[in-house]
Amino acid sequence: MRRSKAGESTTNPELRTNSWLVVALHALMYAVTAAVLVAPLANLAAVVAAAIGGSMGALLAHAALRRGVSPAPCIAGALVALWVSTVLRQGLLTTTWLAHRWGPEHAASVVDFCWFGLAAIAVVATLRLLTAIRRAFATLEAMLVAIAFAQALVQHRQGAIHRPYEIVDTLLAAGVDPTLFFLAAGACAAVIIALVLLREAQWWRTLLHLATIALLIVLTWAALLTAGVPAAPASTAGGLGLHGKSAAGKSANPSGKQHSGGSPKEELEFRDNYNEESKRFPVAVVLLHDDYSPPTGVYYFRQTVFSQFNGQRLVSATRSDVDDDIATSFPAVATSLEHAPRSGKWRLEVTTTVALMADHARPFALESLAKLQPAALPATGHFRRVYIAESNALRADYRELIGLGAGSPAWGVEQRRHYTQLPDDRRYPDLAQRIVRETLPERLRQDPVAQALALSAWLGHHGTYSLRSRHAQSPEPTGDFLFGDKVGYCVHFAHAMTYLLRSLGVPARVATGYAIEESARQGGSALLLSGQDSHAWAELYLQSVGWVAVDVVPETVVDSPPTPPDPELQRLLGKMVRGEPLNTPPMQQRVAALRGETMRWLRRAQRLLLALLLATWALLMMVKAWRRVAPRWVASTALPRVVYRLQLDRLGEVQQRRLAGESREAFASRLRATVPALQPITQWHLSAAFGGHQSPGPAELQLLSRQARRQMQQAFPWWKRIIGIIIPWSWCRSR
Amino acid sequence: MTANALSIASPVDSSVSLHQAREVAARLQRRLAGAVRGRDEVIELVIIALLADGHVLLEDYPGSGKTTLARALGEAIVDGQPAPGSRHSIAAFRRIQFTPDLLPSDITGATIYEVQNSRFVFRPGPIFAHIVLADEINRTSPKVQAAMLEAMAEKQVTVDDETHALDALFCVIATQNPLDVAGTYPLPIPQLDRFLFKISMQHIERGAELEVLQTYPQRGLEIAAALPTTDRDAVLRTREVVRHEVVVAPAIKEALVDLARRIRDDRRVLQGASTRSLLLLLPALQARALIHGRDYVAPEDLDTLAPHVFAHRVQCTPGTDVQALLREHTAAQIESLAKFSLRHR
């Protein structure tokens, strides 16, 4: 019963008799496709689940069809299963018992694993079964695969000179034009598809496919030559800089929800895992107008500060009379920051141009920003926003700062209290005082700068830098870090430093932004900042100097140090910001030369193609014309054949052709009502071909030919004949 | 196109004889068409078989005009003089009803004792005729079938160690009923091979059937009787003309061989066409060319005759449509001939 039913419903017997090789290929293809599709959406476990699910879906569909199960109910079942699992996933993610049992992160990744696996099975099985019902649905399968891979490649579409993507960078480094590579890849795909399509059983379908492909190629070519290679659209991708919950990676951070308070706009979070991959993307280019070397060897680009202790942690200040040296928004006109420290003995006026390549919530600039003004966006399309910042950057060495008092005399009690609040934990002052006592000589023990340097050195010596830490779950992560394993990253160190300073009565705060070593300039005036340069550090306030960064340099670093920016890319982007021509870097020259070469080659190929087409057309027309006039010139022995061929040509022009397997006599007999003269012409032709003794005179044949022409003129409309005459290849189909 | 189309006699000898041969064929055709309505295709095939010195097996329903056809053919060929060398006068037409109890001697004839002359003489059986209608040939025993088929192949019968030649014109039109097969002895393939054509007749068209009824008071044979006849010698001469004067181009012969090979190579075919069938087909093609007013064999002849010649000789795997198979292969051959004809030589 089931078998017979399957026989009726499975209209595609080919699918049921697929060889194991084809089935394995399908499974493999769907595994890769699902993995590629899911990769940007979820973590590694879910990607693996999707790959397994994709291959399972293909295998299950095959097994079902082989057992003769009807596809339609299977599809319905798969879709219902997909819906149920989606609902279940939502339920599991919003209820708490699973999270309590396994911990939120594990729970989320287990649920993701299950759901992506199930979804892949359901979707792939549905597609396979649909194809079994109707062959045309194979288009859907092909589209899914194409989209999966196209979206993986589409990020390369801007030529991506400023993005370290694997394919393009490698190609550029090797001196190959990526445009050419992608065109070649597309051409290869087209050829493969064409080869697949050529397997059609009916020749006319193959011809149709070939014609379509040719048309597409011609259209693409024409578009490419008139409009050029598509230009990069304004990029909208963002989320790389520090803006709001910017650096939040793919996985939701469970610790983020525990702290509420502070500015809703920005929060500095402690997290256990950083996604390092996303941090490699360039976020900004800074041009130094003056040659400035920071005394610490590091450029600090301050964006946000966190100084208010809310009882649990440091957040952005809610008071208006503190942290007023920070620009809160991008400038529309030139704006000066009144409370910025003055230039002079301690500080040097440094002007920089900052070009952002990723969205930022607020501007950042070299520390102690004084004036901000907008600037014109370069035309290259790689930048979001450009502004010019005048900073009064620290020029003095720490040694020169010794002896200065902490805090500003202008501050009131409230402000000083604001900058010295810390957790109510005796361990901070105890530790701070112990460090000061143990490491500083007597005369320096009360000096804030000396204290800061001592604390920094101690933290650097005892702390371990790692992006993977275990403090985010703690209600007081800084204490957990400092009095625990001392494994953490810059945020931990900056907080510890700040709390320790505050515990000694020194006004301090945490600043975030970017920090990059001077050596990264590599002699140029441009600095390329990437996500991995984002940093948090502690600052203390020195009388008449202002906020001074005191960073911790951990001696033990678990993670690989940040890679310096690619010097060529840095220089190139600097040139872009300045609006200078780009042709100087050797790589760009090579690319431009290659691109020019490619276009020249394309143009040459186009001309060649055009010439070939014209030559083919001319040749076909010449042959056609010769066949038209041949009866006047050929020898009388060949005349019956040539005259008959002429009739075939004329009839072919009005779409009258001998059918396959139809004899010449039968063809003539079929047309005897419209073209009676064809019958004697056929007779004479066959007589000449097959050894008949009688042969007509040339005059008689010419007469018959003229008769046939008149009869055709009467039988077929003039426009049909005109069209037939225009088409150069009509004679090729005479048979 | 009938024989009248190209009718101007040219001074060339072969042309004269071709013209006369065509006239003979045309007379036979007219007489038969007068006697039997709506069977033009079958009539043509029967005349082709006669001119190609072959025999015909008609598969048909009772009452479809087989006997009339055969009798009309017999009566169209008048024969005043017995053929030289023959001791017996030859009847124009004989009909043998094949029954299960028929004996070989019932058809070949027997030696009997003549009391007046006190010696044994041979009394020729009904097979000694120009045209023999072997009605329901599959109803008789294999022994009789074998005797009949031997006579057809050898054109002679042997009775009591004495061999008697049959008439040179001897032509058998055998019939069998395709449906009523109970109690019959189906002819095996090697015996079917003796027939040039096996023609499956269809019921005639409405117009032709109506015509038969409208001419009712007058029998078909009476109508035909008024038409001019031909004689035995003319038919024999025509055979010679067909054999020698109608050109079979090498391309046609190649096509014939290729066709037979294609059929044999087909996976659906268990037993292909024999070389003898090709040899039999050649004069048939020539005869058809003559009837159609040509002095050369054209692809069309092959297209028309190949199915009739091969259908009963080819044995296929069960479930194969023999006619479709033959059409397919013939069409391929026609294609190659069509290509050939347009080629420059």
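Everything quoted here is computed from the prediction, not taken from an experiment. Lettering follows sequence order; numbering is per chain, from 1.
Contact annotation: the side chain of B:Arg294 never approaches that of A:Ser687 to less than 4.5 Å [non-hydrogen atoms, C-beta and beyond]. Residues B:His292 and A:Glu665 form no side-chain contact, since every pair of their non-hydrogen atoms from C-beta on lies 4.5 Å or further apart. Side-chain contact between B:Pro299 and A:Phe690 is present, with heavy atoms from C-beta onward closer than 4.5 Å. Side-chain atoms of A:His685 and B:Leu342, non-hydrogen and from C-beta on, do get closer than 4.5 Å to each other.
For a residue to count as touching a neighbouring chain, one of its non-hydrogen atoms must lie under 4.5 Å from one of that chain's; by this rule B:Val297 touches chain A with the backbone only. Only the backbone of B:Arg343 comes within contact range of chain A, with heavy atoms under 4.5 Å apart. Looking at B:Ala251, only its side chain comes within 4.5 Å of chain A, counting heavy atoms on both sides. Proximity to chain A is absent for every atom of B:Leu302, based on heavy atoms less than 4.5 angstrom apart.
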B:Lys339 vs A:Arg735, side-chain contact (heavy atoms from CB on, under 4.5 Å): CA-CA, chis, key distance, verdict: CA-CA 7 Å; B:Lys339 270 203 198 90; A:Arg735 46 198 298 279; over 6 Å; no
Steps toward side-chain contact (heavy atoms from CB on, under 4.5 Å) verdict (A:Glu662, B:Glu335): CA-CA 8 Å; A:Glu662 191 179 24; B:Glu335 274 307 297; 6.0 Å; no
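Enclosure of atom CZ in A:Arg733 is not indicated, since only 12 or fewer non-hydrogen atoms of other residues, nucleotides or ligands lie within 6.0 angstrom. In the displayed structure, B:Glu205 atom CD is contacted under 6.0 Å by at most 12 heavy atoms of other residues, nucleotides or ligands. By the neighbour-count criterion of 12 heavy atoms within 6.0 Å, atom CZ of B:Arg276 is densely surrounded, having more than that number from other residues, nucleotides or ligands. A:Trp626 CH2: more than 12 foreign heavy atoms inside a 6.0 Å radius. The number of heavy-atom neighbours closer than 6.0 Å to CD of B:Glu41, taken from other residues, nucleotides and ligands shown, is 12 or below. More than 12 non-hydrogen atoms from other residues, nucleotides or ligands lie less than 6.0 angstrom from CZ of A:Arg628.
Of the residues considered (A:Ala689, A:Ala688, A:Ser734), A:Ala689 shows the highest number of contacts with chain B, using heavy-atom pairs under 4.5 Å. When the candidates B:Asp303, B:Val246, B:Ile252 are compared by the number of heavy-atom contacts under 4.5 Å with chain A, B:Ile252 comes out ahead.
Annotation for B:Ala331 and A:Gly661: closest pair CB-CA, 3.5 Å, computed over non-hydrogen atoms. Considering all non-hydrogen atoms of both residues, A:Ser663 and B:Ile334 come closest at CA-CG2, 3.6 Å.
Checked by atom type, the side-chain pair A:Arg664/B:Ser341 shows a donor-acceptor distance below 3.5 Å.
Within the model, atoms OH of B:Tyr296 and CD of A:Gln694 stand 9.5 Å from one another, a figure rounded to the nearest 0.5 Å.
Between the side chain of B:Asp295 and the backbone N or O of A:His693, at least one donor-acceptor pair lies under 3.5 Å.
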